[in-house]
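Side chains included, hydrogens not; waters and symmetry mates left out as well; all remaining heavy atoms used.
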Amino acid sequence: MPGCFKKTLFALASLISFVSFILIVVAMGIPKWMTGKILCKTGADLVNATDPELVKFIGEIYYGLFRGGKIRQCGLGGRRSKFTIFPHMVKKLNTGLHVMIIMFLCVAIFFSLVSFGFCILNAIKVPYRAINGPAGACLWNFLAGGFVVLGVTSFMAAVKLHHLTERIANFRENVFRFVILEERFEDCFWICVASATAHAVNLLLIAISEIHFPKIKTKTEEVNVTAEDIMY
């Protein structure tokens with residue numbers, strides 16, 4: 001059986017792995033990865049709108065991995081619309097990169113659950129095989145955190161290098177053209193960052209669990225037995 005200190009650390013690590021699993025699942029399902037402000041360039045150019053009038057042509061957009069929505073402002077009031085990435089819009093995006101983001105996060109979900117199981121195993125008993133012990137727990141946590149980082153990095157690349165927001169804003173817009181004025185990474189993006197950080201914390205906890213602290217030994221007093229003590 002593992003010691004109390006080691007059991008506590010692995011129990012905490014298993015809890016963190018499960019929380020990481022929940023965070024990734026929630027982040028993937030909520031369409032709040034990115035928000036921004038979009039300018040209806042065509043409408044503004046048609047009326048030669050100046051700075052005070054540009055407010056009538058500035059709308060908003062938000063989206064996640066699977067769906068999103070936007071408010072179009074083209075001088076005649078806001079028009080709300082919602083959209084889904086699959087199956088139609090993904091053809092206009094960088095399909096391979098977008099699918100890779102989802103795959104990376106799905107693999108991270110799997111490894112988070114594996115990490116949870118291994119941490120529970122190490123909290124209950126000392127495995128006979130090394131791969132089932134702290135080394136295995138470190139491996140699965142490293143892989144889970146690594147795939148989350150890959151997913152987050154790929155999403156940043158899609159936004160900054162492949163102009164993901166602009167592509168989504170102009171999807172099926174035949175008359176008006178929208179330009180991006182502002183982009184902000186939102187809660188779901190940072191939730192995934194927190195998930196990767198959680199696995200890094202787990203690696204630290206597992207490393208601490210392997211530290212062998214010196215045992216404090218109490219010095220026993222030597223008893224000197226004399227002939228007089230035997231007589232009594």
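Legend: salt bridge (charged side-chain N to carboxylate O under 4.0 Å, His left out) pairs involving residues 152-162, not counting sequence neighbours, sorted by first then second residue: K160-E183. Within the structure, side chain to side chain donor-acceptor pair (under 3.5 Å) pairs that include any residue of residues 55-64 comprise Y63-T165 (at least two apart or interchain). For residues 102-112, the side chain to side chain donor-acceptor pair (under 3.5 Å) pairs, not counting sequence neighbours, are S112-H199. Residues in residues 74-89 take part in no salt bridge (charged side-chain N to carboxylate O under 4.0 Å, His left out) pair, two or more places apart or across chains. Applying the side chain to side chain donor-acceptor pair (under 3.5 Å) test to pairs two or more places apart or on separate chains, those with a residue in residues 21-41 are T35-R184, T35-E186.
Separation of atoms CG (L54) and SG (C40) is listed at 11.0 Å; rounding is to 0.5 Å. The distance from the CG atom of L203 to the CH2 atom of W140 is 13.5 Å, given to the nearest 0.5 Å. Remark: L113 CG to S20 OG distance equals 9.5 Å, nearest 0.5 Å. How far NE2 of H163 is from CD1 of I180: 10.5 Å, rounded to the nearest 0.5 Å. In this structure, CG on L181 lies 13.0 Å from CZ on F57, to the nearest 0.5 angstrom. With rounding to the nearest 0.5 angstrom, the CE atom of M100 is 12.5 Å from the OG1 atom of T95.
When the side chains of ILVMFWY residues are joined at heavy-atom separations under 4.5 Å, either directly or via intervening members, F111 and L139 end up in a single hydrophobic cluster. I58 and F176 fall into different hydrophobic clusters, where Ile, Leu, Val, Met, Phe, Trp and Tyr side chains are chained together by heavy-atom contacts under 4.5 Å. Criterion: ILVMFWY side-chain heavy atoms under 4.5 Å apart, direct or through other members. Under it, F155 and V90 are part of a common hydrophobic cluster. Taken together through direct or relayed side-chain contacts under 4.5 Å among Ile, Leu, Val, Met, Phe, Trp and Tyr, I22 and I24 form part of one hydrophobic cluster. With hydrophobic clusters built from ILVMFWY side chains whose heavy atoms lie under 4.5 angstrom apart, M28 shares a cluster with L164.
Residues passing the side chain to side chain donor-acceptor pair (under 3.5 Å) test with H162 are N94, sequence neighbours excluded. In this structure S154 satisfies the side chain to side chain donor-acceptor pair (under 3.5 Å) test with no other residue, sequence neighbours excluded. Among residues two or more places apart in sequence or in another chain, the side-chain contact (heavy atoms from CB on, under 4.5 Å) test is passed with V193 by V152, F189, W190, T197. A search for ring-ring contact (aromatic ring centres under 6.0 Å, His included) contacts involving F116 returns F18, not counting sequence neighbours. Listed by chain and number, the residues in a side chain to side chain donor-acceptor pair (under 3.5 Å) with E173 are K70, R72 (sequence neighbours excluded).
Applying the 4.5 Å side-chain rule to ILVMFWY residues, one finds M103 in the same cluster as V99. In the hydrophobic clustering, L15 connects to V19, L23, I191, either directly or through intervening members, whenever side-chain heavy atoms lie under 4.5 Å apart.
The side-chain heavy atoms of F10 and L205, taken from C-beta on, include no pair separated by under 4.5 Å. Within the 4.5 Å cutoff, side-chain heavy atoms of I124 are placed close to those of I120. When side chains are defined from C-beta on, M34 counts as touching F185, because their heavy atoms get closer than 4.5 Å. Using a 4.5 Å cut-off on side-chain heavy atoms (C-beta onward), F171 and L93 make no contact.
The closest donor-acceptor contact from the side chain of S14 to the backbone of C119 lies at 3.5 Å or more, if one exists at all. Under a 3.5 Å cut-off, the side chain of N202 and the backbone N or O of A13 do form a donor-acceptor pair.
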Please determine whether side-chain contact (heavy atoms from CB on, under 4.5 Å) holds for the pair I85 and L65, giving the CA-CA distance in whole Å, both sets of side-chain angles, and the decisive distance to 0.1 Å. CA-CA 7 Å; I85 304 295; L65 298 180; over 6 Å; no

Decide side-chain contact (heavy atoms from CB on, under 4.5 Å) for F118 and N141; before the verdict, give the C-alpha distance in whole Å, the side-chain angles of both, and the deciding distance to 0.1 Å. CA-CA 10 Å; F118 269 67; N141 273 283; over 6 Å; no

Are F178 and C74 close enough, and set up right, to give a side-chain contact (heavy atoms from CB on, under 4.5 Å), and what steps lead you there? CA-CA 10 Å; F178 293 89; C74 293; 3.9 Å; yes

Give the intermediate values and the outcome of side-chain contact (heavy atoms from CB on, under 4.5 Å) for residues I30 and D187. CA-CA 9 Å; I30 298 177; D187 296 341; over 6 Å; no

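When the shell of 6.0 Å around CZ of F66 is examined, it contains more than 12 heavy atoms from other residues, nucleotides or ligands. Annotation: F142, atom CZ; neighbour count of heavy atoms from other residues, nucleotides and ligands within 6.0 Å does not exceed 12.
Looking at every heavy atom in both residues, A169 comes nearest to I38 through CB-CG2, 4.1 Å. Between A157 and L97, the shortest heavy-atom contact is C-CD2, 4.4 Å. In this structure, A108 and V148 approach most closely via the heavy-atom pair CB-CG2, 3.4 Å. The heavy-atom pair separating N170 from E166 by the smallest distance is ND2-O, 2.9 Å. Closest approach of I206 and C138 over heavy atoms only: CG2-SG, 3.4 Å. For the pair S115 and S17, the tightest heavy-atom approach, listed with the atom from each and the gap, is OG-OG, 2.8 Å.
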